[in-house]
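Single-structure report; data block below.
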Amino acid sequence: MAVSAAALLMLTLGSCGDDFLDRTPLHGYTAPTYYTSDDAILKGIEPLYNYAWHGYNERAIVGMGSFRANDAWSPYLQGEFARFTITGLSTEVVNAWSSLYMVVTMSNQLINDLDTYATEANTNVSQSVVNQAKGEAMLMRGAAYFYLLRGWGEVILFEDNNDATAVPVRPLCTESSVLKFIVRDLERAAELLPERGSNYHPSRYVAKAMLAKVLLAQSGWETNNIRDHARDGATLNRVVALCDEVINCGQYRLLDNYEDLFRPQFNDNEETLLAMRWADPLLNEYASNNNLISDLAWSDVTDVNCWGGSLHASVDMLDYYNEEPADSFRLRGTFFTPGRYYSYIWSEKGGYTYNVNWAQAKKGVVGTKADCDGHLAQQASPLNTYIMRLADVYLIKAEALLGNSESTSDGRALEAFNATRLRAKLQPKTSFTFEDLIRERRIEFCLEYCNWYDMVTWYRWKPDYMLNFFNNKQHRAFMLNSGDVVRNPDNTFSYRCIFPGSNNWYFNDDQGHCLWNDRSTVSNDDNTTVQTREQGYTFDLDALARAKGADYQPIVLSEANIFMPYPEADVIQNRYFNEPPVEYDFGN
């Protein structure tokens, strides 16, 4: 942890294209001699946008952010996250923990180096650029700790790498301390960052957007309260004010076309607030690349070697889309579904039509090399990974204005809530509830590796509500295969699913009829309809599963597994992991 940001830069820095990450690395420098120009300082920030996040983004991000939220599911890809059976020995738990702390340590070192070496005595360095760099480091450190908090709860706080190296065995800090630390970092970042971002570096409004999200969490976050309780009204008012600043600053807007958010040609778009910006795949710099393409794509949709394709929509998400079939623009940007045509995939052959009765992941699948202007390789996608986009700010504002009410028809709240719906070409709501807000966020951000983190925030505010949601309203680990999803003329989906833990055990009645969500058919192999809902057919997935008796082991969420286990090696080496957390010393 004592390695300087400049040293890390020399070892790891790659290029992401455009001006932001397209300078030639400088060699032969040490920290005392490196920070001698504005360009060098800006160069020193760059690993915080890719290399530092790589271990988290490489694979763990999908299981932690999306599978646990039940956005999607695959028994072959991080199935232990969806089943909530991960342990401290799980590779991706270790990788995520290490990577997020790399963001912390690199941010710490950059801040320390700037304070030590980028001084007024160095006439080639401008204070505005020093402030910008420190602001970006605090923004990223705050973001990393926010992931750590919502992933593990109590975590270790530190901001001096040399001190942490000298005293590596440290206690966990309380969740309230972690939140306070994050808020402090983001407030400082908002003060230090410039009014307007430039060359893909963030403006102060990015820090304010992140601050609004963290304050919304803090407004209701209580660790020892096992009952739903009220959020703090003053904090909610501050959240609304921050959101308004971001929305009205004139620098960001919602893209017109939802799908464009997930095409490399629209990287660094006007909706992006903060993102991991990856190295150009053609540079072959593994530790700075976006490697998710290999787990997501398969041979039909790309011409690079990939082994994905098993990741499919959860039955929860199919149920959401069935409730509002008009939500087709967000659906086609998120999942491949039967009959959908994409002009920008296999564009050199006239486009691609998904002719499979299934619902495989679309987000993150960018097509062929030609579709990416040549910038695609095995285990290297050019696509940025969103940390936050403007759509989030609108829904944060809507949630803060809903506050502790069961529903609202407040004009300001509706304007914020309907922003994402109108972009999706849907009718605006005239009122909305907390359940409506959960649904809207899940659809808008499905497979963007963030929905679980919002659920953890809600759990700390409304534990009763969320445990009921997790255990009684979500259907986890039900498998869909090719042939299991059929698009109906009204754009709804008929689906059948396999019993959890079985490779080929569909739900059937006593007569052997195969039970779909909206109809029964003659058998598993004969899809001729026997009975429809209009004819009295009913379908209760949970009841069918429970009827299997001891063969069905439901996934039950509780305080014991909402947060992830700490890496086993850390627990063994640090006795404090088995002791109560402490308050962080902020030195006030």
Side-chain angles (χ1 to χ4, degrees), residues 1-3 5 8 12 47-48 51-65 67-68 78-81 83-109 112 140-182 185 221 223 287 449 452-453 456 459-460 557-586:
M1 289 187 293
V3 179
L8 283 168
T12 67
L48 285 175
Y51 177 83
W53 294 91
H54 180 264
Y56 172 61
N57 185 82
E58 182 179 22
R59 179 167 281 176
I61 191 173
V62 181
M64 290 172 62
F67 284 3
R68 285 167 76 84
Q78 302 181 61
E80 67 273 19
F81 282 96
R83 298 188 190 98
F84 285 75
T85 57
I86 55 172
T87 72
L89 296 174
S90 297
T91 300
E92 299 312 325
V93 170
V94 176
N95 289 345
W97 176 269
S98 299
S99 179
L100 292 170
Y101 269 111
M102 181 176 286
V103 179
V104 171
T105 56
M106 290 178 69
S107 298
N108 289 347
Q109 198 62 50
N112 179 74
M140 283 302 201
R141 183 170 67 187
Y145 268 126
F146 199 36
Y147 280 113
L148 284 161
L149 169 71
R150 294 171 297 169
W152 285 270
E154 300 154 354
V155 294
I156 298 172
L157 292 172
F158 65 97
E159 49 197 312
D160 185 320
N161 291 349
N162 293 326
D163 183 50
T165 302
V167 187
V169 178
R170 292 168 173 263
L172 297 168
C173 292
T174 63
E175 293 171 26
S176 60
S177 283
V178 180
L179 274 167
K180 183 178 178 182
F181 187 102
I182 298 167
D185 260 2
W221 194 288
T223 56
Y449 325 123
W452 174 251
Y453 298 113
V456 172
Y459 169 74
R460 277 296 188 232
L557 275 65
S558 69
E559 175 67 22
N561 59 12
I562 294 291
F563 293 96
M564 293 187 298
Y566 300 106
E568 186 66 22
D570 290 68
V571 175
I572 292 172
Q573 297 173 31
N574 187 340
R575 69 182 187 278
Y576 291 114
F577 278 86
N578 297 307
E579 297 182 9
V582 301
E583 299 294 331
Y584 185 70
D585 181 5
F586 287 91

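Computation of the quantities below employed the complete heavy-atom set of this structure, encompassing side-chain atoms and omitting hydrogens, waters and symmetry-equivalent molecules.
Summarising the geometry, atom CG belonging to D185 is positioned 13.0 Å from atom NZ belonging to K180; distances are rounded to the nearest 0.5 Å. Taken from CG in L89 to CD in E568, the straight-line distance is 5.5 Å, to the nearest 0.5 Å. To the nearest 0.5 Å, the span separating CG on L157 from OG1 on T174 amounts to 8.0 Å. If you take CE on M564 and OG1 on T87, they are separated by 12.0 Å, rounding to the nearest 0.5 Å. Atom CG in L557 sits 4.5 Å away from atom CD1 in I562 (nearest 0.5 Å). Rounding to the nearest 0.5 Å places OG1 of T165 at 6.0 Å from CG of N161.
Look at E579 and R170 and you find no salt bridge, because none of the NZ, NE, NH1 or NH2 atoms lies under 4.0 Å from a carboxylate O.
Taking the six-membered ring where tryptophan is involved, the planes of Y459 and F563 are perpendicular, since the angle between them exceeds 60° and thus also 30°. Taking the six-membered ring where tryptophan is involved, the planes of W152 and W97 are perpendicular, since the angle between them exceeds 60° and thus also 30°.
When all heavy atoms are compared, the tightest approach of P565 to G88 is CG-N, 3.7 Å. Across all their heavy atoms, I86 and R68 have their closest contact at CD1-NH1, 3.6 Å. Taking both residues in full, the closest heavy atoms of S90 and E80 are given as OG-CG, 4.5 Å, listed atom of the first, atom of the second, then distance. Of all the heavy atoms in S177 and F586, the pair that sits closest is O-CZ, 3.6 Å. The minimum heavy-atom distance between P567 and V94, with the atom names listed, is CB-CG2, 4.1 Å. The shortest heavy-atom contact between S107 and M140 is OG-CB, 4.0 Å.
A cation-pi contact links R150 to F146, judged by a cut-off of 6.0 Å to the six-membered ring centre and 45° from its axis.
In this model, no donor atom of one side chain and acceptor atom of the other lie less than 3.5 Å apart for E154 and Y576.
Contact of the S98 side chain with the N95 side chain is not registered, since no non-hydrogen atoms from C-beta on lie closer than 4.5 Å. At a threshold of 4.5 Å between non-hydrogen side-chain atoms, the residues L172 and V582 do not count as touching. Contact check for F158 versus D163: no side-chain heavy atoms found under the 4.5 Å cut-off. Side-chain contact between W452 and M64 is absent, with no heavy-atom pair separated by less than 4.5 Å. Between Y101 and L148 the shortest side-chain heavy-atom distance falls below 4.5 Å.
Judged by distance alone, the side chain of Q78 and the main-chain N or O of R59 form a donor-acceptor pair under 3.5 Å. When atom types are taken as modelled, the side chain of Y145 and the backbone of L179 share no donor-acceptor pair closer than 3.5 angstrom.
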Apply side-chain contact (heavy atoms from CB on, under 4.5 Å) to the pair F577 and D570, showing each step before the final yes or no. CA-CA 8 Å; F577 278 86; D570 290 68; 4.0 Å; yes
Apply the test side-chain contact (heavy atoms from CB on, under 4.5 Å) to residues L149 and V155: give CA-CA distance (whole Å), side-chain angles for both, the deciding distance (0.1 Å), then the verdict. CA-CA 7 Å; L149 169 71; V155 294; 5.5 Å; no
Could you give me the CA-CA distance, side-chain angles and deciding distance for L100 and V104, then say whether side-chain contact (heavy atoms from CB on, under 4.5 Å) is met? CA-CA 7 Å; L100 292 170; V104 171; over 6 Å; no
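Y56 pairs with exactly one of Y147, Y449, Y51 by the ring pair (Phe, Tyr, Trp, His ring centres under 6.0 Å) rule, that one being Y147.
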